[in-house]
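As the structure is a computational prediction, the values presented were derived from the model and not from experiment. Note: hydrogens, waters and symmetry copies are ignored here, and every other heavy atom, side chains too, is used.
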Amino acid sequence: MRPVSARPTRALFAVTVLFCLVWGGYWALPTLPGRADLVIGNGTDPGSLHPHRATGVPEGRVIRALHEGLVLLDPKTQEPQPGCAHSWNVSDDGLIWTFYLQPGLQWSNGDPLDARDFRRSWLDLLDPSAGAPYGDLLESIQGAREWRQGKSLRDQVAITTPDPLTLRLKLVQPTPWLPFLCTQTPLQPVHPQALGKAGVGIPTNGPWTLERWDLRDRIRIIRSPHYRGPAKPALRTIDFLAVEAGNTLINLFASGAIDWAVSVPTTLLPLLKKDPLWRKAWRSDPYLGISFYRLNPTRPPLQHLEIRKALSLVLNREQLCRDILGGDPEPAWNFVPWPAPALERQNLKSQQPDQLTFLPGYSGSASTRQGIRDVDHISSEQWPLLGFDPDQARDLLAQAGWKTPSSPEGRPIPSFEILHSTGSTHSIVAQWLQSTWSRELGIETRIRSMEWRSFLQTQRDQDYDVSRSSWIADYPDPSTFLQLFTSTSNNNRTGWSDAEYDAEVAAALTAAASKERNKHWKNAEQILLERGPVLPLWSTTTTHLVAPEILGFRPHPLNQHDLRHLERRSP
């Protein structure tokens, strides 16, 4: 094992950070029997390690090491590759999927694992009495939605096992992204002994097994001797440290106590980018996510479309990304993130080889000064200020009879509230919005900050005017973003409803050909941008620090790095 003490260059980093950071932090490392082969500063302490209960990115990072689904993603191409299933096929109409499992699979306690474990686990996920947060992921299976609505029974869900190594699904509509869905943590198998729990001693089926879980401290996993999957891990032990404070995370990385710091605060980017040694460890890659604000059209004055449009037109997103967010994210003039012009700009900034196209075949739509346009007709040079036009915003309001700084004769625009969850970046962005809307439109706003759980409930209750939001893709397909705002979506959270939008989404979901599907998705995005309840701000990036001695770390558009492919360079 490599000792905890740092190498000279990272020790120099530590001295730099301790003298440059304007706030301090202290974090005491508990006594351990030895340093793990890889130590990750993982952010918040996981609320659960059960695949059916966990919802956060930090939990998912651990669960993917402990469990393995039917399908994995190739670390280079991000294409589906065999996991517990060695192959699969789909019927010509896209409605019947059959997965063929690897023979000889085992749980970490040596119990055999087969297709029946997947069937039982997936039915447990769907079970309406369980209340799993992502229980709706499998509602495209025949009988699943009806069971969840109390209209049918568990055995009527069309998940069958013709033999112990075959899993067959019958769907109500084509779901071409199903292999990507099978890589997600809720669809990983759960041992029957789990009974809704996760922890040391509960069998899992992944490359590693849980050795210790010290709350608010660390999780340690160790390589499982019973793993029979396709990719053998190089690392024997991995520690996940529960570290939330940004300065603490940086100090631990600088001292060599951790090898990978996740979710480094954007407020620290100016410091990190000044030093070439820090830049060598810094990893900022496009992340298939969108940061935006929800606008509640049931609250005055946001029921007026011209006001929603004006709020967007006055926002200089390029200035926001450059001066407030450290320069790594790209402005979002669209809702489905990372269209080609934004991705091209990101590649130039990062000086890395061209990134893969995140959503092959989908080009999307964007808000411009001239209205909604196809992204195909927009260059990377036009992208930064594409939809920024404060004069047009004021003219739009004046024509509708509203008072603005350039038209004092109209009726005053009522004030409203900006809601955000706690966090330094969220607070700074909210203040930037408040300042911009006051300066450019003469609109007065109030800011309200809430801790995460209360914030989520307030947003679900639609008890807000304008609310900070983000959405990270569950799988690489426009549907994961554009299904959010249908009239029946639980994640709508705005009160907005549009029959034409619902019809386009429904048509996309039932179209068998990808060209037809993408046409309907583009139409839906156009409607959402033209008259919907969203204010896109930026396409997100990951913010990691990775020690140079860690090999195999690649960009991942879903931020789901497969730890099997990481290894440590020999000293």
Lys/Arg-Asp/Glu bridge criterion (N-O < 4.0 Å) met for [X], [Y]:
X: Asp114; Y: Arg120; answer: no
X: Asp117; Y: Arg119; answer: no
X: Arg220; Y: Asp239; answer: yes
X: Asp562; Y: Arg61; answer: no
X: Glu146; Y: Lys151; answer: no

Do any N or O atoms from the side chain of [X] and from the backbone of [Y] form a donor-acceptor pair under 3.5 angstrom?
X: Thr237; Y: Ala36; answer: no
X: Ser152; Y: Trp147; answer: yes
X: Gln142; Y: Leu171; answer: yes
X: Ser108; Y: Thr204; answer: yes
X: Ser489; Y: Asn491; answer: yes
X: Trp282; Y: Thr543; answer: no
X: Asn42; Y: Ala242; answer: no

Q: Flag yes if more than 12 heavy atoms outside Asn490 fall under 6.0 Å of its CG atom; otherwise flag no.
A: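 Counting neighbours around CG of Asn490, 12 or fewer heavy atoms of other residues, nucleotides or ligands fall under 6.0 Å, so no.
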Q. Hey, is NZ on Lys232 packed in by over 12 heavy atoms from elsewhere, all under 6.0 Å?
A.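 Count over threshold, so yes.
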Q) So which of Arg212, Arg218, Arg216 actually passes salt bridge (charged side-chain N to carboxylate O under 4.0 Å, His left out) with Asp214? A)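 Answer after filtering Arg212, Arg218, Arg216: Arg212.
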Closest approach of [X] and [Y], non-hydrogen atoms and distance?
X: Arg448; Y: Met450; answer: NH1-SD, 3.8 Å
X: Ala54; Y: Tyr134; answer: O-CE1, 3.9 Å
X: Trp213; Y: Gly199; answer: CE3-CA, 4.4 Å

Q) Taking Ser467 as the fixed residue, which of Gln459, Arg294, Gln462 is the one that meets the side chain to side chain donor-acceptor pair (under 3.5 Å) rule? A)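 Testing Ser467 for a side chain to side chain donor-acceptor pair (under 3.5 Å) against Gln459, Arg294, Gln462 leaves exactly one candidate, Gln459.
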Does any part of the side chain of [Y], heavy atoms only, come nearer than 4.5 Å to the side chain of [X], both counted from C-beta?
X: Gln193; Y: Asn109; value: yes
X: Val264; Y: Ile250; value: yes
X: Ile238; Y: Leu563; value: yes
X: Thr494; Y: Phe485; value: yes

Strictly by modelled atom types, are [X] and [Y] linked by a side-chain donor-acceptor pair under 3.5 Å?
X: Thr166; Y: Asp163; value: yes
X: Gln188; Y: His67; value: no
X: His544; Y: Asn559; value: yes
X: Asn89; Y: Tyr100; value: yes
X: Tyr227; Y: Arg564; value: yes

Q: Anything under 30° is parallel, anything over 60° is perpendicular, the rest tilted; go ahead and classify Trp122 against Phe118.
A: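 Correct class here is perpendicular.
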Q | Atom pair CD (Gln560) and CG (Leu288), whose distance is rounded to the nearest 0.5 Å | A |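 One finds 10.0 Å between CD of Gln560 and CG of Leu288.
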Q: Decide yes or no on side-chain contact (heavy atoms from CB on, under 4.5 Å) for Trp260 and Leu545, but give the supporting numbers first.
A: CA-CA 6 Å; Trp260 172 8; Leu545 287 169; over 6 Å; no
Q | Option from Val243, Val546, Val39, Ile258 for which side-chain contact (heavy atoms from CB on, under 4.5 Å) with Phe253 holds | A |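 Single pass found, and it is Ile258.
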Q) When Val71 is tested against each of Leu187, Leu178, Thr183 for side-chain contact (heavy atoms from CB on, under 4.5 Å), which residue passes? A)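 Of the listed residues Leu187, Leu178, Thr183, the side-chain contact (heavy atoms from CB on, under 4.5 Å) partner of Val71 is Thr183.
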